[in-house]
Amino acid sequence: MITGMFEYHAPEEVQDAVALLAEHGDEAKVLAGGHSLVPLMKLRLATPSVIVDLNRIAALRGIALANGGVTIGAMTTHAAIEHSAELKAALPVLPAAATLIGDPMVRNRGTIGGSLVHADPAGDWPAVALALDARMHLVGPVGERTVRAEEFFVDLLTSAVEPGEILTEIEIAIPVGRFGMSYQKFAHPASGYAVTGVAAILVLDEASGCADCRVAITGAGATPVRAAHTEVALRGSALDDATVTQAAEQAGNGIDFLGDLYASEEYRKQLVRVYTRRAVIAALHSATRGTGAVAAKTI
Ligand SMILES: Cc1cc2nc3c(=O)[nH]c(=O)nc-3n(C[C@H](O)[C@H](O)[C@H](O)COP(=O)(O)OP(=O)(O)OC[C@H]3O[C@@H](n4cnc5c(N)ncnc54)[C@H](O)[C@@H]3O)c2cc1C
């Protein structure tokens, strides 16, 4: 359980980190909180010969509200999101979901950027980012680009970040109008990772029906996915109990479910139905009553 030898760099500017990655090519790996990368290195499943540590780059940390949206630096820790008063007011699902990640040690070191780039199929942020239609800002040797969450999660443990690129910040628009949001997960009892997690964002019309919605699921297949059939069933509906239940029944449609030692494909299908219903109802309650668990987990 000892890593291979590596050269260590800790630049203080994003451009210096990009230059180091360009210089060392495939040999180099970026280090954020280290809570996914370091275990892989200890098991020798990852053996980078150069580590570019982003922890001294102040520009990659922080939370800012402007122009009807929020930007979160990629190196912002789960704990900083959990305790952010601005986010609690603007996009409460973010701090609420952060409280459900791992344990205090993981939340104090782990970063939202590292979690998104790592693209763990059981990670929490991928579902929340997809439901919030987050935009990922990347910088690399050929300049900057932006990738929507929809295109960001490419495959199992594979994001759209190309070798040599760094995720710098995550931008999220605050929904307009009366909205509610929720993230509900069935957590693995040992690690806290999502066996299944569902994020729901509802925008209500004047009669408290569904003007718009986005529902995203993690822990079901290789990548997070939108529950497209559920969204169609909810949009324009009165959000009554029968409609929500029937919409949630369709949440797994079109998903290529993965099974493992902990949960079979069939079990995950059922979890997806149950947690989609819970997430939609909690989002509705947060919009209409200002109550309801914005995020909750069951073990
Ligand atoms: C015991 C335990 C419990 C956990 N429980 C949960 C849980 O309940 N839910 C959950 O979602 N996660 C959980 N995690 C994972 C945790 O959230 C990690 O922090 C996260 O997956 C990776 O973030 P990191 O900052 O540690 O990234 P690192 O481990 O440093 O990096 C991960 C990968 O992303 C790359 N990378 C990192 N940052 C960038 C960047 N800015 N640009 C480009 N590439 C980058 C690295 O090169 C590496 O390949 C758990 C981890 C542990 C150890």
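Throughout, numbering of the chain's residues begins at 1 and tracks the sequence. Both counts, for ligands and for their atoms, begin at 1 and track the order of listing. All values below were derived from every heavy atom in this structure, side-chain atoms included, with hydrogens, water molecules and symmetry-related copies excluded.
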Taking the non-hydrogen atoms of [X], is any one of them nearer than 4.0 angstrom to ligand 1?
X	result
Met75	no
Asp120	no
Met136	no

I need the contact type for Lys185 against ligand 1. Using non-hydrogen atoms and a strict under-4.0 Å cut-off, is it side chain, backbone, both or neither?
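The side chain, only.
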Leu37 and ligand 1 - part of the residue with a heavy-atom distance under 4.0 Å:
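It is both parts that get close, each with some atom under 4.0 Å.
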Taking atom [atom1] of [X] as the centre, report whether more than 12 heavy atoms of other residues, nucleotides or ligands fall under 6.0 Å from it.
X	atom1	result
Glu13	CD	no
Arg56	CZ	no
Arg235	CZ	yes
Asp240	CG	yes
Asp26	CG	no
Asp103	CG	yes
Glu206	CD	no
Ile2	CD1	no

As an exercise, identify every atom of ligand 1 less than 4.0 angstrom from a heavy atom of [X].
X	result
Gly34	24 (P), 26 (O), 27 (O), 28 (P), 29 (O), 30 (O)
Thr111	23 (O), 24 (P), 25 (O)
His78	16 (C), 17 (O), 19 (O)
Leu54	40 (C), 41 (N)
Gly33	24 (P), 25 (O), 26 (O), 27 (O), 30 (O)
Gly123	11 (O)
Asp124	7 (C), 8 (O), 9 (N), 10 (C), 11 (O)
His35	18 (C), 19 (O), 26 (O), 29 (O), 53 (C)

Tell me: protein heavy atom nearest [atom], and distance?
atom	result
atom 3 (C) of ligand 1	Ser191 O, 3.2 Å
atom 47 (O) of ligand 1	Val30 O, 2.6 Å
atom 7 (C) of ligand 1	Gly102 N, 3.4 Å
atom 43 (C) of ligand 1	Leu167 N, 3.6 Å
atom 44 (N) of ligand 1	Val117 CG1, 3.5 Å
atom 22 (C) of ligand 1	Ser36 OG, 3.4 Å
atom 16 (C) of ligand 1	Val106 CG1, 3.7 Å
atom 37 (C) of ligand 1	Gly114 CA, 3.4 Å

Compute the shortest N/O to N/O distance between [X] and ligand 1 and return yes if it is under 3.5 Å, no if not.
X	result
Arg109	no
Gly113	no
Ala74	no
Tyr193	yes

Without hydrogens or angle criteria, can the side chains of Arg178 and Ser208 be said to hold a donor-acceptor pair below 3.5 Å?
yes
Just by distance, with hydrogens left out, do Tyr275 and Thr298 show a side-chain donor and acceptor under 3.5 Å apart?
yes
Taking Lys269 first and then Glu266, would you say they form a salt bridge - that is, a charged N and a carboxylate O separated by under 4.0 Å?
yes
Salt bridge or not between Asp241 and Arg277? Use side-chain N to carboxylate O under 4.0 Å.
yes
Best match, Gly110, Ala98, Gly73, Pro163: closest heavy atom to atom 19 (O) of ligand 1
Gly110
For His78 and Trp125, take the angle between the two ring planes, folded into 0 to 90°, and tell me which bin it lands in: parallel under 30, tilted 30 to 60, perpendicular over 60.
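It falls in the tilted class, 30° to 60°.
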Note: Ala90 and Leu65 closest approach over all heavy atoms is CB-CD2, 3.9 Å
Run through Leu60, Ile57, Leu167 and flag the one making a side chain to side chain contact (heavy atoms under 4.5 Å, CB included) with Met75.
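That would be Leu60.
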